[in-house]
J.: 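Have a look at this one before I ask anything.
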Amino acid sequence: MRFPSFVLFPALLLSAASPGADLYKCVAPSGAVSYQSLPCAGNSRQAWVQPVKAEVAPAPRAQAGRVRAAGPPGRGRAAAATVRQAKPRQPGAAQKRRMRCEKARREADALRDRLWNKLDFRQRSDLDAKVARACGR
């Protein structure tokens with residue numbers, strides 16, 4: 001099964017993990033183009049070779065309000081379990097507004113995704129107005 005080059009090109013860029021790896025563009029006698037990490041076969045013409053730089057993944061961001069799983073040093077897992085069972089705080093007025101706004105946005109986005117080709121301008125404007133009212137704009 002042959003994949004189009006626009007599918008293989010990003011996959012090859014992501015799969016090249018070794019530093020100093022090269023990406024080859026090969027053109028077959030029939031005119032089919034392929035991108036690969038190995039040199040071109042004998043009957044294919046090499047169009048170009050590009051060095052591939054290894055991308056470093058960004059460090060994951062710490063979540064706010066996250067509870068440590070280990071607990072204080074010197075205590076067992078039981079102490080860590082009691083830390084996790086803190087009473088949840090009741091949302092304040094600002095947090096309730098933010099939650100209401102996010103809910104309205106999610107519902108509007110879901111409706112747009114589901115009915116993207118059936119909504120007319122007025123219906124889309126009504127959705128935007130509903131989100132604006134919920135977000136207090």
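Fair warning: this is a prediction, and the values are worked out from it, not measured in the lab.
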J.: In terms of side-chain geometry, is the basic nitrogen of Asp128 or Arg112 positioned less than 4.0 Å from the acidic oxygen of its partner?
T.: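 Here Asp128 pairs with Arg112 in a salt bridge, since their nearest N and O are under 4.0 Å apart.
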J.: Is Phe121 reachable from Leu127 through a run of I, L, V, M, F, W or Y residues, each pair having side-chain heavy atoms under 4.5 Å apart?
T.: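 No: no chain of side-chain contacts under 4.5 Å links Leu127 to Phe121.
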J.: With rounding to the nearest 0.5 Å, note down the distance linking NZ in Lys103 to NZ in Lys96.
T.: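 One finds 13.5 Å between NZ of Lys103 and NZ of Lys96.
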J.: Using the rule that Ile, Leu, Val, Met, Phe, Trp and Tyr join whenever any side-chain heavy atoms are under 4.5 Å apart, tell me whether Leu111 and Val131 fall into a single cluster.
T.: no
J.: Which pair of non-hydrogen atoms, one from Ala28 and one from Ser44, has the smallest distance, and what is that distance?
T.: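 Closest approach of Ala28 to Ser44: CA-OG, 4.0 Å.
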J.: For Ala134 and Arg100, work out which heavy atoms get closest and say how close.
T.: O-NE, 3.7 Å
J.: If I take atom CZ from residue Arg45 and atom NZ from residue Lys25, how far apart are they, to the nearest 0.5 angstrom?
T.: 8.0 Å
J.: Applying a strict under-4.5 Å side-chain criterion to I, L, V, M, F, W and Y, I'd like to know whether Leu38 and Trp48 cluster together.
T.: no
J.: Determine the minimum heavy-atom distance between Asp22 and Pro51, stating which atoms define it.
T.: OD1-CA, 3.6 Å
J.: Of the options Lys130, Arg124, Arg122, which is the one that meets Asp126 in a salt bridge (Lys or Arg N to Asp or Glu O under 4.0 Å)?
T.: Arg122
J.: Using a 3.5 Å distance criterion without hydrogens, assess whether the side chain of Glu102 forms a donor-acceptor pair with backbone atoms of Met99.
T.: no
